[in-house]
Protein chains: 2
Amino acid sequence: MNQYYKKRAKFHVAVDCIIFGFDEGELKLLLLQRNFQPAKGQWSLMGGFAEEEENIDDSAKRVLNELTGLDNVYMKQVGTFGNIDRDPGERVISVVYYALIKINEYDRELVNKHNAHWVKMDEIPPLIFDHPLMVKQALELMQRQSSYEPIGFNLLPPLFTLTQLQTLYEAINAEKMDKRNFRKKVATMDFIEKTENIDKTNSRRGAYLYKFNNKVYKKDPKFNL
Amino acid sequence: MNQYYKKRAKFHVAVDCIIFGFDEGELKLLLLQRNFQPAKGQWSLMGGFAEEEENIDDSAKRVLNELTGLDNVYMKQVGTFGNIDRDPGERVISVVYYALIKINEYDRELVNKHNAHWVKMDEIPPLIFDHPLMVKQALELMQRQSSYEPIGFNLLPPLFTLTQLQTLYEAINAEKMDKRNFRKKVATMDFIEKTENIDKTNSRRGAYLYKFNNKVYKKDPKFNL
DNA sequence: CTAATAAGTGTAAAACTAACAATTATAATT
DNA sequence: AATTATAATTGTTAGTTTTACACTTATTAG
């Protein structure tokens, strides 16, 4: 070990994940009702400790994968929570990420094993430690980013109707939008492409399915909703 | 120590500061030409290790104070950089903050002692480790935040002219603005208050000095420039 | 064939943004 | 005392974007 670093304090470092999903027209979080210590029985975010030979971003991916079985998930760092007493057990510095997942794709067995549940944003139970603050900051960050980057599509299936897309953004921002104005705006974004496919799940008439074309987006990456 | 945490890896945790200042119509960073190991002689951000009994936010404040002598400085966490090899000496996880300081108020002796220098944003020398990425992210975050929160005033003296204010925002966003449009917008923000004081530093005629009234802002916190 | 339902569509007023140049107040110079 | 130089201050118009608002269409279940 280099002389220089020798007598510096070292810290436990954890990652915590705010896992967003979109289902039944509502934004939801995947939360644990902890079936393990510490704080067994209480509600918390999914988390885990960083490991010796692992980039922190990879720790977050690993922890998310442990719960959902998913890879290649959109994740974004929210920030780091480093107050001395944030974990009453011992000092732990936590790096927080939010994840956007397609709610049909996760591994139900794993989720059951961890005793995790999807909870609507407005029905979040009391959470341990500073997890409520983490959720608040993650939501605010996600709301802001979703307005100028096309990250919302990570919450939708590959093909989606315009009604689904609008409902998603209404859920994210917790406010209704005008249907005609919304569709006018979408029509200006040529990376949101109409397909020939029609979804008849929600109407007799059926609705055209659209897809997000990332290649087209990258040519002229402007987005706002 | 709690049984639960026992065999977890522990990490060195550092903070690094991107210190913004505004001087001579330009945005600048306070950077170290390191007169200490490691990487002595090279340019870097001001940084330091987190201590055992210290919130991470307070570590950042302490490190900033060690260099500038300043307290009560506006600081914002940019994010945490946790790749295994980001510090070639040994693994160090770094929590990055940006700070906005009034460029007349810092302690010149301390700054000299650390061999720190103000560098224009477009003349930043090569920096060690992942510090260039940190600077890039800090600048982007600060630019975005400065557009919707009144943080720019932290870079100005308590009394400032509209020309100064405009030049500041032009420096932050690296783009010219129209003087009349800028002033029209400022006129709509009643928390930017005209005083009776006049500054004759830059013109024979003199320019009215304005101040930012945070109390008024808090009543109706909307800002965009 | 009727009823029910979600999908799909256009227009006009209002608000905001962007582009543009002359006048004013003052101090230094002649 | 008059002239000059300089930054500060001030409005208008055209263009663009945003908002508000309601009917028609396609389809299937009954």
Side-chain angles (χ1 to χ4, degrees), chain A residues 22-26 143-144 146-148 156-157 159-190 192-212 220 222-225, chain B residues 22-26 143-144 146-148 156-157 159-190 192-212 220 222-225:
Chain A
F22 177 63
D23 186 37
E24 298 171 330
E26 302 214 53
Q143 287 173 327
R144 198 170 283 284
S146 72
S147 78
Y148 60 82
L156 292 175
L159 295 178
F160 50 86
T161 67
L162 293 185
T163 302
Q164 278 180 290
L165 186 62
Q166 177 173 352
T167 311
L168 170 64
Y169 275 85
E170 288 177 343
I172 289 173
N173 300 307
E175 66 180 31
K176 289 277 175 197
M177 301 180 196
D178 179 272
K179 181 160 56 160
R180 277 173 291 185
N181 293 340
F182 181 84
R183 283 164 186 244
K184 248 183 296 175
K185 219 168 191 179
V186 168
T188 67
M189 303 186 213
D190 52 4
I192 301 178
E193 296 177 342
K194 193 175 187 172
T195 70
E196 293 308 304
N197 305 24
I198 289 179
D199 173 90
K200 296 219 167 177
T201 320
N202 295 303
S203 73
R204 311 199 200 295
R205 176 179 178 170
Y208 277 101
L209 287 162
Y210 287 71
K211 66 181 177 194
F212 171 65
D220 183 22
K222 296 194 201 327
F223 181 90
N224 88 303
L225 269 180
Chain B
F22 177 63
D23 187 36
E24 298 172 328
E26 303 215 52
Q143 286 173 327
R144 198 171 283 282
S146 72
S147 77
Y148 60 81
L156 292 175
L159 296 178
F160 50 85
T161 67
L162 293 184
T163 303
Q164 278 180 292
L165 185 64
Q166 178 173 354
T167 311
L168 170 64
Y169 276 85
E170 289 176 342
I172 289 174
N173 300 307
E175 65 181 31
K176 289 278 176 197
M177 301 180 196
D178 178 273
K179 181 159 53 162
R180 276 172 289 187
N181 292 339
F182 181 84
R183 283 163 186 246
K184 250 181 295 176
K185 218 170 193 177
V186 168
T188 67
M189 303 186 211
D190 51 4
I192 301 178
E193 296 177 341
K194 192 175 187 170
T195 71
E196 293 308 304
N197 305 23
I198 288 178
D199 173 89
K200 297 217 167 177
T201 320
N202 295 302
S203 72
R204 311 199 199 296
R205 176 179 179 170
Y208 278 101
L209 287 163
Y210 287 71
K211 66 181 177 195
F212 171 65
D220 183 23
K222 296 192 202 324
F223 180 90
N224 86 305
L225 268 180

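In what follows, every chain begins at residue 1, and chains take the letters A, B, ... in the order their sequences are listed. Just so we're clear, the structure is a prediction, and the values are computed from it rather than from any experiment.
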Trainee: What is the minimum heavy-atom distance between A:L225 and A:F182, and which atoms define it?
Mentor: CD2-CE1, 3.8 Å
Trainee: Which atoms form the tightest heavy-atom contact between B:M177 and B:E170, and what is the distance?
Mentor: N-OE2, 2.9 Å
Trainee: Can you name the nearest heavy-atom pair linking A:K200 to A:R205, along with the distance?
Mentor: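 Heavy atoms only, the tightest pair is CE-O, 3.9 Å.
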Trainee: More than 12 foreign heavy atoms under 6.0 Å from OH of A:Y208: is that the case here?
Mentor: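 Not more than 12 within 6.0 Å, no.
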Trainee: With a 4.0 Å cut-off on heavy atoms, is A:T163 in touch with a base, just the backbone sugar-phosphate, or nothing at all?
Mentor: sugar-phosphate
Trainee: Quick check on DNA chain D: between B:R204 and B:Y210, whose nearest nucleotide comes earlier from the 5' end?
Mentor: B:R204
Trainee: Could you tell me from which nucleotide to which nucleotide of DNA chain C, 5' to 3', there is an atom under 4.0 Å from chain B heavy atoms?
Mentor: C:dA18 to C:dA28
Trainee: D:dT9 C1' sits how many Å from B:D199 CG, rounded?
Mentor: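 Value for this atom pair: 15 Å.
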Trainee: Tell me the interatomic distance from B:N197, atom CG, to D:dA8, atom P, rounded to whole angstroms.
Mentor: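 It works out to 16 Å between those atoms.
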Trainee: Which sits closer to the 5' end of DNA chain C, A:N202 or B:K200, going by the nucleotide each is nearest to?
Mentor: A:N202
Trainee: Examine the base of D:dT18 for any acceptor or donor lying under 3.5 Å from a partner atom in the side chain of A:K184, and report the outcome as yes or no.
Mentor: no
Trainee: Enumerate the residues from residues 164-183 of chain B whose closest heavy atom to DNA chain D is under 4.0 Å, giving them by residue number; use none for an empty result.
Mentor: B:K179, B:R180, B:R183
Trainee: Does the B:S147 side chain pair with the main chain of B:N224, one donor and one acceptor, at a distance under 3.5 Å?
Mentor: no
Trainee: Please name all residues satisfying salt bridge (charged side-chain N to carboxylate O under 4.0 Å, His left out) with A:E196, sequence neighbours left out, ordered by chain then number.
Mentor: none
Trainee: Starting at atom NZ of A:K185, determine the distance to atom P of D:dT16, rounded to an integer number of angstrom.
Mentor: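 In whole Å, D:dT16 P lies 17 Å from A:K185 NZ.
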Trainee: Main chain of B:R180, side chain of B:D178: is a donor-acceptor contact present, judged purely on distance under 3.5 Å?
Mentor: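 Checking the backbone N and O of B:R180 against the side chain of B:D178, a donor-acceptor pair under 3.5 Å is found.
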Trainee: Of the non-hydrogen atoms in B:S146 and B:Y169, which two are nearest, and what is the gap between them?
Mentor: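 Heavy-atom minimum between the residues: O-CE2, 3.5 Å.
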